[in-house]
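Notes to accompany the following structure.
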Amino acid sequence: MDAYVALEGGHVVEARGRAPGTATGELVFTTAYTGYEESLTDPSYEEQILTFAYPLIGNYGVRSERFESDRVHPRAAVTREMTDDVAEWLTEEGVPAVDHIDTRDLVTDIREEGAMACGIAVGDDVTPEDALAELADCVPMSDHTDIGAQVSVDEPVVHNADSDGATVALVDCGAKRSIVDSLVERDATVHVLPYDATADDVAEIDPELLFISNGPGDPENFDAAVDLVDSYVGEVPIAGICLGQQIVARALGGTTEKMDFGHRGVNQPVRDEASGRVVMTTQNHGYTVADAPEALEVSQINVNDGTPEGLDSDDLDIITRQYHPEANPGPHDSLSFFDDVLGMTASKRTIVAD
Ligand SMILES: NC(=O)CC[C@H](N)C(=O)O
């Protein structure tokens, strides 16, 4: 199969086709050396083309137990060497894929130029012009104004309904499955709500914790969730992961901005400001909180570039993280986040009981 990758500016790179089709999207890279199944099924990659910096993708097969959602989300995958297992999976999913491309060059370009528009064409008779035609159709990430609708549940779904643990309202802006699993493992009943759930929808559940999930695209395109958080600040404990942190920050008057090439990988160092302890984290984001709201303390920062990784308020019962504490495929340094956020519900229960 022929394959061409057209980069912003019009440079076209030839590759080997591994799964046929055409696609356009924002080209980003991950440095993760494990977790290709988790990355490829992470809804946060919607509308992006994912380049793997690690040179061999697929060396331990493909197992659905490791999936983070029920489909592949990146528009296409770019690798140095892709095993047949992964190529067959992406072919079944209808997601174009290439290998035999110098991903060191590509990653260097993205680091220097920033995440960029990309077009891909893979198939028996494709030409460089086909990839350029895809590139011409690329829409900037911030123009995907209703991207939440592409990844969220349509109707509420309840997990672990019979538990007498904490009741959590999880706003699904593209939630990874392991976030639900991490809450259920700790006995929570999790009501997964659409990304545009209203304050009334949440009131019907009367949750002990409002949890805003990760998700794709620009946090400025999630106004419904921002309004929702605004309605519940100080009323119900609030937690957020990744996009969830960005949404909570916006709701309290903070701002977000696009990063040059973002953080995507499984060894991003994060320092907790109170303890000085550094943990390794898994990350996937292209935006960051620029100005943190005054009401929240920047409790954790990224050691590499100083960007906010944790926003907390004891008074308001808010804990958010820019990285992914649910951590599939790992590292597992931050799993205690789920105990901490559910701990906020325990404190509420104690107050109510007193
Ligand atoms: N994983 C996420 O939630 C990503 C958040 C947001 N889409 C970003 O790229 O910054």
Going from [atom1] on [X] to [atom2] on [Y], what distance comes out if it is rounded to the nearest 0.5 angstrom?
X    : Y    : atom1 : atom2 : value
D317 : L210 : CG    : CG    : 12.5 Å
D42  : T30  : CG    : OG1   : 10.0 Å
L243 : T256 : CG    : OG1   : 9.0 Å
D312 : E297 : CG    : CD    : 6.0 Å
T282 : N267 : OG1   : CG    : 9.0 Å
E326 : E185 : CD    : CD    : 11.5 Å

R177: which residues meet the salt bridge (Lys or Arg N to Asp or Glu O under 4.0 Å) condition with it, sequence neighbours left out? none
Under the salt bridge (Lys or Arg N to Asp or Glu O under 4.0 Å) rule, collect the residues that match up with E65, sequence neighbours excluded. R63
Would you call [X] and [Y] a salt bridge, using N to O less than 4.0 angstrom?
X    : Y    : value
R80  : D102 : no
E46  : R71  : yes
R250 : D223 : yes
K258 : E26  : yes

Step by step, would you call F222 with C173 a side chain to side chain contact (heavy atoms under 4.5 Å, CB included)? CA-CA 8 Å; F222 285 84; C173 301; 3.7 Å; yes
Can you classify the ring geometry of F338 versus F211 as parallel (below 30°), tilted (30 to 60°) or perpendicular (above 60°)? parallel
Side-chain touch [X]/[Y], heavy atoms, less than 4.5 angstrom:
X    : Y    : result
Q48  : L50  : no
Q268 : N302 : yes
Y287 : E220 : no
L316 : L252 : yes
I241 : S213 : no
E113 : T108 : no
Y45  : P216 : no
L335 : R186 : yes

Can you give me the closest heavy-atom contact between [X] and [Y], atom names plus distance?
X    : Y    : result
V153 : P194 : O-CB, 3.6 Å
E37  : G61  : OE2-O, 3.5 Å
P293 : A249 : CG-O, 3.6 Å
D305 : H263 : OD2-NE2, 2.7 Å
T79  : T103 : C-CG2, 3.7 Å
D124 : D2   : O-OD2, 3.1 Å

Evaluate the criterion side chain to side chain donor-acceptor pair (under 3.5 Å) for residue pair S163 and D187; output intermediate values, then yes/no. CA-CA 6 Å; S163 168; D187 291 332; 4.9 Å; no
Give a yes or no on whether D314 atom CG has more than 12 heavy-atom contacts from other residues, nucleotides or ligands under 6.0 Å away. no
Tell me whether the count of non-hydrogen atoms from other residues, nucleotides or ligands lying under 6.0 Å of CG in D125 goes above 12. no
What residue among L342, T167, V236 forms side-chain contact (heavy atoms from CB on, under 4.5 Å) with E208? T167
Main-chain N/O of [Y] paired to [X] side chain as donor or acceptor, under 3.5 Å:
X    : Y    : value
T255 : D291 : yes
N214 : G174 : yes
T288 : A290 : no
T83  : G58  : yes
D172 : L193 : no
D130 : T127 : yes
R264 : F261 : yes
Y232 : A203 : yes
T189 : N160 : yes
S231 : D227 : yes

Begin from the C-alpha positions of Y33 and N59 and carry the test side chain to side chain donor-acceptor pair (under 3.5 Å) through to its verdict. CA-CA 10 Å; Y33 35 85; N59 49 322; over 6 Å; no
Side-chain donor-acceptor contact under 3.5 Å, [X] with [Y]:
X    : Y    : result
E129 : Y4   : no
T320 : Q245 : yes
E68  : S178 : yes

Hey, any chance [X] and [Y] share a hydrophobic cluster, counting ILVMFWY side chains that come within less than 4.5 Å of each other, even indirectly?
X    : Y    : answer
M259 : I301 : no
V226 : V171 : yes
V190 : L209 : yes
F337 : V279 : no
I179 : V266 : no

Less than 6.0 Å separating the ring centroids of W89 and Y36? no
With side chain to side chain donor-acceptor pair (under 3.5 Å) as the criterion, how do Q283 and E309 come out once you've worked through the C-alpha distance, each side chain's angles and the decisive distance to 0.1 Å? CA-CA 10 Å; Q283 304 207 5; E309 294 282 2; 3.0 Å; yes
Take N221 and D146 through the test side chain to side chain contact (heavy atoms under 4.5 Å, CB included) and record every step on the way to the result. CA-CA 7 Å; N221 288 326; D146 202 19; over 6 Å; no
What residue pairs, at least two apart or across chains, pass salt bridge (charged side-chain N to carboxylate O under 4.0 Å, His left out) with a residue in residues 5-21? R16-E81, R16-D99, R18-D84, R18-D99
Going through the checks in order, is the side chain to side chain donor-acceptor pair (under 3.5 Å) test met by D339 and S336? CA-CA 5 Å; D339 301 315; S336 60; 5.7 Å; no
Report the C-alpha distance between L90 and V72 in whole Å, list the side-chain angles of each, state the deciding distance to 0.1 Å, and finish with yes or no for side chain to side chain contact (heavy atoms under 4.5 Å, CB included). CA-CA 8 Å; L90 294 177; V72 171; 4.0 Å; yes
